[in-house]
Amino acid sequence: MLRIQLQRMPELPEVEVTRRILESEIREKQVAEVSVNHPRVVRRQKHPTDFSDRLQERTVQSLRRHGKFLIIELDAGLNWVTHLGMSGRIQMVDNDQPEETHTRTVVRFVGGRELRFVDPRTFGFMTVWTEAELASSTLNRLGPDALTDLPSVREFVGYLRGRTALIKPLLLNQSVVAGVGNIYADESLHLCRVSPLRPGGSLAADEVNRLRIAIRTTLIAAIQQGGTSLEDLAYLLPDGKTGDFLDRLRVYGREGQGCCHCGFAIRRTVIRSRSSFWCPGCQA
DNA sequence: ACCTCCCTGGCC
DNA sequence: GGCCAGGGAGGT
């Protein structure tokens, strides 16, 4: 069993897997009751009571995702937006199940199923926004979605041209491409053999091409495995199952282990106060 | 383009 | 008992 002391943060694959499971559970369902156990989780609501008030009796129409944001579209032009933050996850359970610690909000649907937001660190949030509020929110500053709308090589090269910032922090910048976080940035960079320490503008077109393919390949593979649950099991699927991409991680959390591609010892380097795992052998 | 802050379980 | 992880917001 791979030993990882870092905590995982939900990224695009985890949100996408969550979205797919929820879609089969709550589409067309009507909200019966809402409770907010921790006010901080609804902090992005203009008035704290808006969350409960606006969700009352609403019906779920469709579920979409942009980057790491889950957007549940309701009737009456309302949008139930969730960000899982560092430690959040969504559970779907019957309402007679005991409530876990750190359950921050509970939304019960007609029929008795409950959607519960569990988030120990409360970096995540839930909010119900009108179309106008959504349009003026930070969501419209997100770059194109890394899975469904990855920029072309030409666009990517154009964006990176002249950039002195390192490629790793650029990948984490959600206004460049939305959805990639610390784990999948490291995994993508390793797959395309580009060092996280390279200035963004120094990448040749051929490397940018490999990078965008690597991002796509990594995200799709992670989604197929149900995302990544680390040892702390902070991230689980809404049905309680684990995401099994952990064993497929090539560099993340593997400091000192041999690279699967060239055998060099994987290094951990702190870049802009975030851990980066990379192989000095093949990521020159 | 950079810094600080938020928060808490788990580790030393 | 203190430190650490880190996405995103807000500030400079």
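A note on names: the letters A, B, ... follow the listed sequences, proteins ahead of strands, and every chain is numbered from 1. Computed over heavy atoms, backbone and side chain alike; hydrogens, waters and symmetry mates excluded.
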C/dG6 base stacked by A/Phe123 (centroids within less than 5.5 Å, tilt under 30°): yes
Five-pair end axes of the helix from B/dA1-C/dT12 to B/dC12-C/dG1 and the angle they enclose, rounded to 10°: 40°
Qualifying residues under side-chain contact (heavy atoms from CB on, under 4.5 Å), relative to [X], sequence neighbours excluded:
{"X": "A/Pro151", "value": "A/Pro144, A/Glu155, A/Phe156, A/Val177"}
{"X": "A/Ala222", "value": "A/Pro13, A/Tyr184, A/Phe245"}
{"X": "A/Ile271", "value": "A/Leu166, A/Lys168, A/Pro169, A/Pro196, A/Leu197, A/Thr269, A/Ser276"}

Carboxylate-amine/guanidinium proximity below 4.0 Å for A/Glu25 and A/Arg113: yes
Shortest non-hydrogen contact from A/Val60 toward A/Ile26: CB-O, 3.2 Å
Pair listing, ring-ring contact (aromatic ring centres under 6.0 Å, His included) test, anchored in residues 83-133 of chain A, at least two apart: A/Phe69-A/His83
Residue whose closest nucleotide on DNA chain B lies nearer the 5' end, A/Gly162 versus A/Pro120: A/Gly162
Modelled atom types, side-chain donor and acceptor of A/Gln45 and A/Thr127, under 3.5 Å: yes
Sugar-phosphate, base or nothing in reach of A/Arg43, heavy atoms under 4.0 Å: nothing
Below 3.5 Å is the cut-off: list the nitrogen or oxygen pairs between protein and nucleotides 10-12 of chain C, distance only.
none

Check: A/Arg43 side chain, A/Arg40 main-chain N or O, donor-acceptor pair, under 3.5 Å: yes
